[in-house]
A.B. asks: 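Shown below is the structure under consideration.
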Amino acid sequence: MATVTRENIGLLNDKITVKVSKEDYLPNFDKAVKQFSKNANIPGFRKGMVPAGMVKKMHGAAIFSDEVLKTVEKELMGYIQTEKLELFGQPLSLEKEAKDLDPNQPADYTFDFEVGVKPAFDVTPLENNKTTLTKYKVTVTDEMVQEEIERLQLKGGKMTEPETIDSEDNVINVKFEESDASGNVVAGGIEKENALLVKYFTPAIQEQLKGKKAEDSIVFQLATSFDEQRLGWILKDLGFAADDKEAAQKFFKLTITKVGLIEKRELNEEFFKEVYPTDSIATEADFRAKLKEEIGKYWNSEAKNHMHNDLFEVLVHETPIELPKDFLKRWLQVGGEKPKSAEEAEKEYPGFDHQLRWTLISDKLIRDNKLEVSFEELKENAKQKVLGYYGGAAVDGAEWLDSYLDRLLQDEKFVDQTYREMITQKLFDWAEAKVTIKEEEIKAEDFVNLPHKHHHHEH
């Protein structure tokens with residue numbers, strides 16, 4: 001009779017010993033040999049007529065060790081189920097080298113395994129509203145609305161081609177060629193084409209560009225021609241790092257290949273209808289009010305994400321969970337697709353630890369509070385995603401929409417990802433009620449510069 005015993009060898013770390021005797025595996029071994037002789041193709045014998053003795057000689061050892069290991073695994077898994085052990089990953093074998101399993105001398109065999117046991121814990125940060133979080137409310141200013149209007153007016157405008165550069169709103173197609181300070185092009189230097197707005201350059205360069213037309217060129221130094229943010233973009237576009245101080249000192253000859261100007265759209269009903277097809281907006285005042293509301297919605301959802309991020313960090317760092325670190329590091333070495341060295345496992349451990357804590361906490365909260373996402377909800381969410389992507393209410397009810405959705409909902413990866421996003425969202429909405437929230441007004445630029453921690457959505 002097989003026996004399974006377990007002893008504790010460290011924090012949340014047990015050794016399970018499986019002992020199997022001949023009676024446990026021999027009947028299966030004989031069965032497997034018969035099965036093999038039925039199907040074996042051995043030259044000189046008709047299929048199914050190979051004598052068992054011959055099979056044992058040729059393949060016995062492999063079939064034998066296979067059956068012994070199968071028996072051991074069955075006993076081990078049975079034990080884990082009966083004892084209702086909650087484990088991390090798979091049991092690790094403690095056998096350093098393969099046992100010598102000889103079919104001619106069947107014996108009792110003992111195998112040792114090591115397991116990591118999941119800890120019991122309470123999610124203390126959510127008890128008695130003791131955690132306080134800040135929910136920011138970004139102030140939407142008239143300047144923000146004005147900027148958005150100008151962006152939309154340009155986006156919907158039509159391109160004209162004036163002869164010369166006469167305003168900061170001109171769009172110019174240009175060719176950058178690396179040169180010296182007097183404009184002699186460097187052989188084998190950097191060349192790049194681009195399209196830029198005149199207002200991206202510093203005032204001094206804008207002056208130089210005024211009145212220029214296609215085929216004209218100027219020479220300039222990167223560092224002195226753009227503000228810091230734009231300099232970063234240009235450097236990256238030319239193939240450097242955004243903060244490469246040395247590259248910023250380079251000179252370029254800039255040749256204009258085309259001058260353009262986008263005619264801004266007029267603020268009239270036709271334009272409002274284009275931007276918001278489903279609202280009937282007649283006046284500029286209504287249009288501004290609608291934009292303000294939409295910008296507010298955007299910042300509101302950003303603020304909510306920020307608060308959920310903070311909540312995620314509090315849960316991960318302040319929920320007391322003990323973990324069998326040494327076991328988990330060993331498991332990292334052998335549990336993945338390909339084996340890792342002890343150094344690699346050591347380096348990966350902190351990120352793994354963080355993620356593991358989140359998985360334990362979120363699984364527990366979802367289970368204990370019976371949070372779920374129904375297929376109907378998932379379908380509705382997918383539909384909103386598609387509508388958002390293809391221009392909203394305008395395509396609602398279109399014939400292709402239903403069949404497109406059906407196809408999407410058969411894609412396991414899409415369904416899985418959508419489910420995870422939704423259940424995580426539900427979890428955070430549920431947890432919000434268990435913490436104290438204080439609101440705080442903030443300017444957009446201050447909000448953007450708040451210290452930013454990891455994202456929680458990789459559930």
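In what follows, residues are counted from 1 in the order of the sequence shown. Any value given below was found using the heavy atoms of this structure, including those in side chains, with hydrogens, waters and symmetry copies removed.
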A.B. asks: So which atom in Val219 and which in Phe251 form the shortest heavy-atom distance, rounded to 0.1 Å?
C.D. replies: CG1-CD2, 4.4 Å
A.B. asks: Does atom CD of Glu161 have more than 12 heavy-atom neighbours, drawn from other residues, nucleotides or ligands, at distances under 6.0 Å?
C.D. replies: no
A.B. asks: Whether Asp416 and Arg420 form a salt bridge (side-chain N of Lys/Arg under 4.0 Å from carboxylate O of Asp/Glu) is what I want to check.
C.D. replies: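 Result for this pair is yes, salt bridge flagged.
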A.B. asks: Checking the side chain of Asp216 only, and the main-chain atoms of Lys213 only, is there a donor and an acceptor separated by less than 3.5 Å?
C.D. replies: yes
A.B. asks: Step by step, work out the salt bridge (Lys or Arg N to Asp or Glu O under 4.0 Å) result for Arg330 and Glu114.
C.D. replies: CA-CA 10 Å; Arg330 286 194 288 278; Glu114 174 187 24; 2.3 Å; yes
A.B. asks: Taking salt bridge (Lys or Arg N to Asp or Glu O under 4.0 Å) as the definition, give me every residue that meets it alongside Lys426, ordered by chain and number, with sequence neighbours left out.
C.D. replies: Glu377
A.B. asks: Quick one: does Tyr136's side chain get under 4.5 Å of Lys304's, heavy atoms only?
C.D. replies: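 A side-chain contact is absent here, since even the closest heavy-atom pair is not under 4.5 Å.
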A.B. asks: May I ask you to check whether over 12 heavy atoms, not counting those of Lys192, lie within 6.0 Å of atom NZ?
C.D. replies: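 Atom NZ in Lys192 is crowded, with more than 12 foreign heavy atoms closer than 6.0 Å.
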A.B. asks: If we ignore hydrogens and angles and just use 3.5 Å, is the side chain of Glu178 paired with the main-chain N or O of Ile190 as donor and acceptor?
C.D. replies: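 Judged by distance alone, yes, a pair lies under 3.5 Å.
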A.B. asks: Walk me through it: do Lys347 and Glu343 pass the test salt bridge (Lys or Arg N to Asp or Glu O under 4.0 Å)?
C.D. replies: CA-CA 6 Å; Lys347 217 171 86 190; Glu343 292 79 49; over 6 Å; no
A.B. asks: Which label fits Phe428 and His308: parallel for a plane angle under 30°, tilted from 30 to 60°, or perpendicular past 60°?
C.D. replies: parallel
A.B. asks: Determine whether Asp363 and Arg367 satisfy the following criterion, salt bridge (Lys or Arg N to Asp or Glu O under 4.0 Å), listing intermediate values before the conclusion.
C.D. replies: CA-CA 6 Å; Asp363 285 352; Arg367 205 172 47 233; 5.7 Å; no
A.B. asks: Sub-3.5 Å donor-acceptor pair from the side chain of Asp180 to the main-chain atoms of Ser182, do we have one?
C.D. replies: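 Pair found, side chain donor or acceptor close to backbone of Ser182.
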A.B. asks: Just so I know, are the side chains of Phe111 and Ser93 near enough to count as touching, which here means a heavy-atom distance under 4.5 Å?
C.D. replies: no
A.B. asks: Between Trp331 and Phe327, is the side chain to side chain contact (heavy atoms under 4.5 Å, CB included) condition met? List the steps.
C.D. replies: CA-CA 6 Å; Trp331 185 58; Phe327 168 80; 4.2 Å; yes
A.B. asks: What's the spacing between Leu371 CG and Thr424 OG1 if we round to 0.5 Å?
C.D. replies: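 Going from the CG atom of Leu371 to the OG1 atom of Thr424 covers 10.5 Å.
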A.B. asks: Taking only Lys NZ, Arg NE, NH1 and NH2, and the carboxylate oxygens of Asp or Glu, determine whether Arg151 and Glu148 approach each other closer than 4.0 Å.
C.D. replies: yes
A.B. asks: Can you check whether Lys258 reaches Ile172 side chain to side chain, under 4.5 Å on heavy atoms?
C.D. replies: no
A.B. asks: Can you see whether Tyr349 has Lys325 sitting over its ring - NZ or CZ less than 6.0 Å from the centre and within 45° of the normal?
C.D. replies: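 Geometry flag: not set, cation outside 6.0 Å or 45°.
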A.B. asks: Under a plain distance cut-off of 3.5 Å, with no hydrogens placed, do Asn184 and Ser179 share a side-chain donor-acceptor pair?
C.D. replies: no
A.B. asks: Could you check whether any side-chain heavy atom of Lys250 comes within less than 4.5 Å of a side-chain heavy atom of Gln221, counting everything from C-beta outward?
C.D. replies: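 No - every pair of side-chain heavy atoms lies 4.5 Å or more apart.
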A.B. asks: Compute whether any side-chain donor of one residue and acceptor of the other, for Asp326 and Asn13, lie under 3.5 angstrom apart.
C.D. replies: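 Asp326 vs Asn13: no donor-acceptor pair found between side chains.
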A.B. asks: Taking atom CD of Glu432 and atom CG of Leu126, what is their separation to the nearest 0.5 Å?
C.D. replies: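 Glu432 CD to Leu126 CG: 11.5 Å, rounded to 0.5 Å.
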A.B. asks: Would you say Thr139's side chain and Ile442's backbone share a donor-acceptor pair under 3.5 angstrom?
C.D. replies: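 Looks like yes, one N/O pair under 3.5 Å.
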A.B. asks: Would a 4.5 Å heavy-atom cut-off, applied to side chains only, mark Phe88 and Val115 as touching?
C.D. replies: no
A.B. asks: Look only at the side chain of Asp279 and the backbone of Ile281, and say whether a donor-acceptor pair between them is shorter than 3.5 Å.
C.D. replies: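 Not a single qualifying donor-acceptor pair exists.
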A.B. asks: Within a radius of less than 6.0 Å around CD of Glu439, do more than 12 heavy atoms belonging to other residues, nucleotides or ligands occur?
C.D. replies: yes
A.B. asks: Measure the spacing between CG of Leu311 and CG of Leu133 and express it to the nearest 0.5 Å.
C.D. replies: 5.5 Å
A.B. asks: So do Ser225 and Ile205 actually touch side chain to side chain, heavy atoms under 4.5 Å?
C.D. replies: yes
A.B. asks: Check the surroundings of atom CD in Glu147: do more than 12 heavy atoms from other residues, nucleotides or ligands lie under 6.0 Å from it?
C.D. replies: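 Incorrect, the count does not exceed 12.
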A.B. asks: Taking Gln208's backbone N and O only, do any of them form a donor-acceptor pair with Lys212's side chain (distance below 3.5 Å, no angle check)?
C.D. replies: yes
A.B. asks: Ignoring hydrogens, what is the shortest heavy-atom contact between Thr124 and Pro320? Give both atom names and the distance.
C.D. replies: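 Scanning both residues, the minimum pair turns out to be OG1-CD, 3.2 Å.
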A.B. asks: Answer whether the closest heavy-atom distance between the side chains of Lys236 and Phe240 falls below 4.5 Å.
C.D. replies: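 Answer no - side chains too far apart.
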A.B. asks: Which value, rounded to the nearest 0.5 Å, describes the distance between Thr17 atom OG1 and Asp14 atom CG?
C.D. replies: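 Between Thr17 OG1 and Asp14 CG, I get 10.5 Å after rounding to 0.5 Å.
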A.B. asks: Should the heavy atoms of other residues, nucleotides or ligands under 6.0 Å from CD of Glu269 be counted, would the total exceed 12?
C.D. replies: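 Counting neighbours around CD of Glu269, 12 or fewer heavy atoms of other residues, nucleotides or ligands fall under 6.0 Å, so no.
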A.B. asks: Are there over 12 heavy-atom neighbours, none belonging to Lys290, within less than 6.0 Å of that residue's NZ?
C.D. replies: yes
A.B. asks: Regarding Glu348 and Lys340, does a basic nitrogen lie under 4.0 Å from an acidic carboxylate oxygen?
C.D. replies: yes
A.B. asks: Taking atom types as modelled, find out whether Thr134 and Lys438 have a side-chain donor-acceptor pair closer than 3.5 angstrom.
C.D. replies: yes
A.B. asks: Let me see the working for Glu274 and Arg265 under salt bridge (Lys or Arg N to Asp or Glu O under 4.0 Å), right down to the final yes or no.
C.D. replies: CA-CA 11 Å; Glu274 241 170 74; Arg265 289 290 297 275; 3.1 Å; yes
A.B. asks: Show the nearest heavy-atom pair for residues Lys329 and Ala345, with the distance to one decimal.
C.D. replies: O-CB, 3.6 Å
A.B. asks: Is any side-chain heavy atom of Leu154 closer than 4.5 Å to one of Asp169?
C.D. replies: no
A.B. asks: With Glu344, which residues qualify under salt bridge (Lys or Arg N to Asp or Glu O under 4.0 Å), at least two apart?
C.D. replies: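 With sequence neighbours excluded, Glu344 shows a salt bridge (Lys or Arg N to Asp or Glu O under 4.0 Å) to no residue whatsoever.
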A.B. asks: Report the C-alpha separation of Tyr200 and Phe226 in whole Å, then their side-chain angles, then the decisive distance to 0.1 Å, and conclude whether the ring pair (Phe, Tyr, Trp, His ring centres under 6.0 Å) test is met.
C.D. replies: CA-CA 7 Å; Tyr200 288 175; Phe226 300 98; 8.4 Å; no
A.B. asks: For the CZ atom of Phe113 and the CG atom of Leu94, what is their distance to the nearest 0.5 Å?
C.D. replies: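 Phe113 CZ to Leu94 CG: 8.5 Å, rounded to 0.5 Å.
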A.B. asks: Taking atom CD of Glu322 as the centre, report whether more than 12 heavy atoms of other residues, nucleotides or ligands fall under 6.0 Å from it.
C.D. replies: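 Open: at most 12 neighbouring heavy atoms sit under 6.0 Å from CD of Glu322.
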A.B. asks: What verdict does the side chain to side chain contact (heavy atoms under 4.5 Å, CB included) test give for Leu209 and Ile256, after you've listed the backbone C-alpha separation in whole Å, the side-chain angles of each residue and the deciding distance to 0.1 Å?
C.D. replies: CA-CA 9 Å; Leu209 286 168; Ile256 298 157; 4.2 Å; yes
A.B. asks: Between CG of Leu101 and CG of Leu69, what distance do you get to the nearest 0.5 Å?
C.D. replies: 6.5 Å
A.B. asks: Are Tyr419 and Phe375 close enough, and set up right, to give a side chain to side chain contact (heavy atoms under 4.5 Å, CB included), and what steps lead you there?
C.D. replies: CA-CA 9 Å; Tyr419 171 80; Phe375 189 68; over 6 Å; no
A.B. asks: Not counting sequence neighbours, which residues clear salt bridge (Lys or Arg N to Asp or Glu O under 4.0 Å) with Glu263? List them please.
C.D. replies: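 Lys158.
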A.B. asks: Might you work through the side chain to side chain contact (heavy atoms under 4.5 Å, CB included) test for Lys364 and Val123, ending with a clear yes or no?
C.D. replies: CA-CA 9 Å; Lys364 179 180 167 68; Val123 186; 4.3 Å; yes
A.B. asks: For a quick check under 3.5 Å, do Gln425 and Glu421 share a side-chain donor-acceptor pair by atom type?
C.D. replies: no
A.B. asks: If you count heavy atoms of other groups shown closer than 6.0 angstrom to CD of Glu127, is the number above 12?
C.D. replies: yes
A.B. asks: Do you know which two heavy atoms are closest between Ile321 and Pro119, and how far apart they sit?
C.D. replies: CG2-CG, 3.5 Å
